Amino acid sequence: MTEGVHHHRPTLKQQNKAFKSKHSTKSSLKEAAKGRYARKSQKATVASNTAARSRLERRNNAKQVQVRKRQALISATRIFNGVDGAPRIVAIVPLTEDVSSHSVASALARSLDPSADDVSEGLCKIRAERFKTSVQFISLPYKRLYATLDACKAADYVLFVLSSEVEVDTWGDTLLRTLQAQGLPEVVSVVSSSSPMDPKEKTSILKSLLSFIQYFVPNQSRVYDMHSSPDTLNAMRELCEGKPGDVKWREDRTWILSERVEWQDGTLAVTGVVRGAALSANRLVHLPNHGDFQISRIMSADLPRRVKSDHAEGMDVEPILLAEPDSSSADSLVSSNDPDDMANEQTWPTEEEMRGAFNGFDPPEAIPKAEKGTTPKHVRKIPKGMSEYQAAWIVDDDDDDVDGEQESEQKDENDSEHGEVDLQEEKEEMVEMLVDDNELDTESRRSVAFQDLDAEEESRQLVSWRERKREEEDDAAFPDEIDTPLDIAARTRFQRFRGLRSFRTSPWDPYENLPRDYARIFQFEDYKRTERTVRRRIEQDSYGIEPGMRVTVYLKNVPREAMTQNQSAPLVLFGLMQHEHKKTVLNFIVQRNTEYNGSVRSKDPLILCIGPQRLRVNPIYSQHTRGGGKGVNNVHKFERYLRHGVTNVATTYGPVIFGKQPCVLLKETEDPQAPELVAMGAFLNPDTARIIAKRVILTGHLFKVHKKTATVRYMFFNPDDVDYFKPIQLHTKYGRTGHIRESLGTHGYFKAHFDGPVSQMDTVCLSLYKRVYPKWSETWKEQAIEPPSDAMEE
């Protein structure tokens with residue numbers, strides 16, 4: 001081989017890829033086939049069939065979804081179809097003082113028939129032949145909060161009336177927030193004013209009003225102008241052709257908006273159309289502001305029209321008896337039990353037993369003292385001139401408990417008083433002292449002398465300790481901390497409190513020392529199972545009156561005020577489920593209203609709006625465990641205040657509730673129709689075994705500190721209190737835990753030992769717990785509103 005000549009290796013020769021058959025021409029493929037036809041592979045056949053089937057399935061699924069939506073719309077609006085169909089209930093709510101709900105209802109009626117007269121005030125019904133349905137307007141007056149809440153609970157649509165000249169005030173904002181928390185059906189927004197808006201400013205005004213209403217009802221897309229004929233007709237079309245929104249808490253519940261009300265000899269006859277679920281004569285009904293009542297009978301009530309026949313011309317249709325209560329299965333009006341003091345007797349300790357009690361431990365006098373000569377002693381050397389009490393604070397070298405700072409201070413004092421002292425001479429000036437072994441043990445029950453401060457110095461230091469500067473509010477900066485009273489012994493003041501080693505795991509019997517109110521309530525063995533059974537009975541009840549029927553319901557033992565009170569708002573009758581009249585313990589998840597700046601303290605009187613009912617309650621608040629868990633012992637910490645941004649549980653007595661119903665807490669003001677919205681939330685459960693433990697923390701000041709041992713003062717003011725609370729564990733704000741070792745002196749000082757070195761800036765705490773209970777609730781009744789003087793003259 002000649003040098004310098006380069007040759008490629010044969011393995012690197014380029015080999016081009018052969019052409020595939022799919023690139024061949026049709027003629028070449030026919031020649032290669034020689035008259036034979038190639039069968040399609042099975043994979044290609046499956047793929048083509050799958051593609052075709054998936055295309056058909058997508059089309060079929062889309063068609064089925066469309067059919068389901070159409071059927072849902074038809075079923076939701078079937079109750080309104082036909083001449084005898086139920087009218088669509090529209091609650092017209094004015095949000096400002098310068099607009100009138102009556103004028104808005106008249107404008108909507110004239111959009112269907114320009115020659116129509118103004119509709120009547122209050123409750124009126126019109127026939128929309130153009131849309132083949134009926135509409136029932138509830139014209140609500142301005143600043144009638146509770147009437148507006150009841151009307152919106154029964155309405156299919158809520159029509160908010162805004163003003164183009166006046167902004168929504170505080171009352172309107174409170175109303176919108178309350179309705180939002182209560183649950184709103186479908187909403188339509190309109191703007192009305194005394195004169196038409198300026199065309200140049202109309203666009204900006206409508207945009208501003210739409211932005212405002214979207215804050216409370218985000219799905220709003222338009223605000224209709226009542227001075228524009230097309231907008232008025234479009235608003236009426238939305239009310240007549242749309243599907244009413246579903247309110248979750250109204251599922252499986254019945255309500256009737258009264259069209260005619262009559263009262264005679266304690267029997268109230270309410271005529272209206274059954275809405276929601278089927279109406280059963282065996283269940284109770286609730287009238288807002290008046291309470292629960294029994295049904296005596298249910299009669300048919302046809303529309304007020306004449307029968308056209310040759311023989312019965314001009315005669316009304318006779319009502320038919322539809323249902324009567326069954327005495328064996330009808331609900332009673334018993335809402336609470338009568339406590340039997342003999343059967344529910346609880347053993348309370350006598351005054352003598354309380355006076356001699358020692359928190360489960362024997363008093364110190366019961367502990368026998370050791371006889372003389374039975375305790376071993378040994379010889380210990382102490383500095384010359386030191387007392388026995390001072391020697392008790394000296395720890396042996398093998399305990400490794402010598403403080404360097406104390407040694408330096410002691411050396412400085414000796415240098416200033418006696419000059420330079422040789423260390424060898426100081427060691428020689430020691431004397432021997434017989435000491436008990438128990439006195440050397442820091443965990444012993446030894447009794448030593450203590451030098452008290454004089455009364456003036458003690459009171460001066462106490463005042464300076466209690467008047468210390470606080471950075472924030474007392475309860476926020478020092479939660480649950482209280483000062484021990486001087487005039488009452490701590491063991492007497494806190495005799496109902498107990499100490500817990502662990503708040504989450506220490507056992508606590510939920511049925512011990514219950515108050516008398518607990519003997520009056522009902523409790524469930526299994527709440528969820530009972531709720532499922534009640535709802536199953538509603539579905540299987542064949543004796544109920546189906547929704548859409550116009551009936552007259554006769555209620556027994558109703559006061560006359562139910563008919564005469566607040567004529568400006570219609571009467572709404574709400575059906576109750578089985579057991580919903582009985583009282584039990586109710587727990588609600590609540591969160592404070594961000595716009596309310598007042599103080600919300602536990603047991604403050606409030607108005608609870610839950611479903612169709614309103615109660616006067618004094619709820620107590622407790623911590624809400626994340627995820628709703630109960631923990632091992634179902635103990636939850638009591639909260640003195642309801643704070644911003646914190647979710648708490650409000651507990652009160654009240655009637656049984658089924659379902660996740662929303663709740664609203666209102667606070668009464670000087671104006672009965674302008675309460676303040678305090679909090680909103682939802683129903684949690686009726687847990688009667690939920691223990692709400694109120695915590696108090698007794699704090700003490702570190703008087704002297706020596707590594708893990710310290711002298712504490714101002715937590716107690718007599719030695720008996722120290723001995724009484726001695727078994728309870730101590731803790732500090734810096735995370736140390738410890739126990740009381742012994743009492744010192746007569747002013748309540750004591751020595752404590754902790755699990756680590758204690759800082760002089762730390763604070764010693766002792767936590768005590770007591771179970772608390774809410775107050776009994778009552779049905780809230782609205783004050784009667786007198787009609788205007790003009791109406792009285794008419």
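For the single chain, residues carry numbers from 1 onward in sequence order. Computed from a predicted model, the values in this text were never measured in an experiment.
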Can you list everything that forms a side-chain hydrogen bond (donor to acceptor under 3.5 Å, both in side chains) with [X]? Sequence neighbours excluded, please.
| X | answer |
| --- | --- |
| E668 | R616, W780 |
| Q578 | R537 |
| T651 | N587 |

Quick one: closest heavy-atom pair of [X] and [Y], and the distance?
| X | Y | answer |
| --- | --- | --- |
| E238 | Y157 | O-OH, 3.7 Å |
| N289 | K781 | O-CG, 3.1 Å |
| V534 | M577 | CG1-CB, 4.0 Å |
| M549 | I545 | SD-CG2, 3.8 Å |
| Q673 | K143 | CB-O, 3.5 Å |
| P619 | D604 | CD-O, 3.7 Å |

Once side-chain contact (heavy atoms from CB on, under 4.5 Å) is applied, do any residues pair with [X], and if so which ones, sequence neighbours excluded?
| X | result |
| --- | --- |
| T148 | V93, L140, C152, L175 |
| A109 | V119, I126 |
| E129 | R127 |
| A689 | P510, Y511, N634, D687 |

Main-chain N/O of [Y] paired with [X] side-chain donor or acceptor, under 3.5 Å:
| X | Y | result |
| --- | --- | --- |
| S258 | R260 | no |
| N618 | K775 | no |
| S296 | Y554 | yes |
| W255 | A154 | yes |
| S335 | K582 | no |
| H636 | S622 | no |

Could you tell me the separation between the [atom1] atom of [X] and the [atom2] atom of [Y], rounded to the nearest 0.5 Å?
| X | Y | atom1 | atom2 | value |
| --- | --- | --- | --- | --- |
| E782 | L149 | CD | CG | 9.5 Å |
| R88 | L239 | CZ | CG | 8.5 Å |
| N337 | I521 | CG | CD1 | 9.0 Å |
| M680 | C663 | CE | SG | 9.5 Å |
| I320 | M299 | CD1 | CE | 8.5 Å |
| Q591 | L642 | CD | CG | 9.0 Å |

What I want to find out is whether [X] reaches [Y] closely enough, with some N-O distance under 4.0 Å, to be called a salt bridge.
| X | Y | result |
| --- | --- | --- |
| E539 | R535 | no |
| R253 | E251 | no |
| D150 | K153 | yes |

Note, [X] side chain near [Y] side chain (heavy atom, < 4.5 Å):
| X | Y | result |
| --- | --- | --- |
| V551 | I256 | yes |
| L555 | T267 | no |
| K583 | R520 | no |
| P244 | P185 | no |
| D517 | Y653 | yes |
| P87 | K125 | yes |
| L615 | I607 | no |
| P675 | Y146 | yes |

inquiry  = For F683 and F588, take the angle between the two ring planes, folded into 0 to 90°, and tell me which bin it lands in: parallel under 30, tilted 30 to 60, perpendicular over 60.
reply    = perpendicular
Derivation and outcome, side-chain contact (heavy atoms from CB on, under 4.5 Å), residues I138 and I89 = CA-CA 7 Å; I138 306 177; I89 302 175; 3.6 Å; yes
query = Who pairs with F574 by ring pair (Phe, Tyr, Trp, His ring centres under 6.0 Å), at least two apart in sequence or on another chain?
reply = none
request  = Not counting sequence neighbours, which residues clear ring pair (Phe, Tyr, Trp, His ring centres under 6.0 Å) with W249? List them please.
outcome  = none
task = Could you go through the side-chain contact (heavy atoms from CB on, under 4.5 Å) check for H290 and H286 one step at a time?
result = CA-CA 8 Å; H290 301 286; H286 178 79; over 6 Å; no
key: Six-ring centre of W508, R771 cation under 6.0 angstrom, axis tolerance 45°   =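 No - R771 does not lie over the ring of W508 by the 6.0 Å and 45° rule.
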Under 3.5 Å, is there a donor-acceptor pair linking the side chains of [X] and [Y]?
| X | Y | result |
| --- | --- | --- |
| N648 | H624 | no |
| D671 | T669 | no |
| T652 | S777 | no |

request  = Quickly, which of L184, V664, L145 forms a side chain to side chain contact (heavy atoms under 4.5 Å, CB included) with L179? Name it, please.
outcome  = L184
inquiry  = Surrounding CD of E778 (heavy atoms of other residues, nucleotides or ligands, distance under 6.0 Å), is the total greater than 12?
reply    = no
request  = May I have all residue pairs that pass salt bridge (Lys or Arg N to Asp or Glu O under 4.0 Å) and include part of residues 174-188, sequence neighbours excluded?
outcome  = D173-R177, R177-E595
task = Could you note down all residue pairs passing salt bridge (Lys or Arg N to Asp or Glu O under 4.0 Å) where residues 268-291 supplies at least one of them, sequence neighbours left out?
result = D156-R275, R283-D331
key: Derivation of the side-chain contact (heavy atoms from CB on, under 4.5 Å) call for R614 and C609   = CA-CA 5 Å; R614 283 190 288 268; C609 303; 3.6 Å; yes
inquiry  = Working note: L333 + H581, criterion side-chain contact (heavy atoms from CB on, under 4.5 Å); need CA distance, chi angles, decisive distance, verdict.
reply    = CA-CA 7 Å; L333 290 174; H581 179 66; 4.3 Å; yes
inquiry  = With ring-ring contact (aromatic ring centres under 6.0 Å, His included) as the rule and sequence neighbours excluded, what pairs involving residues 512-538 come up?
reply    =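 Those involving residues 512-538 are Y518-Y773, F524-Y527, Y527-F658.
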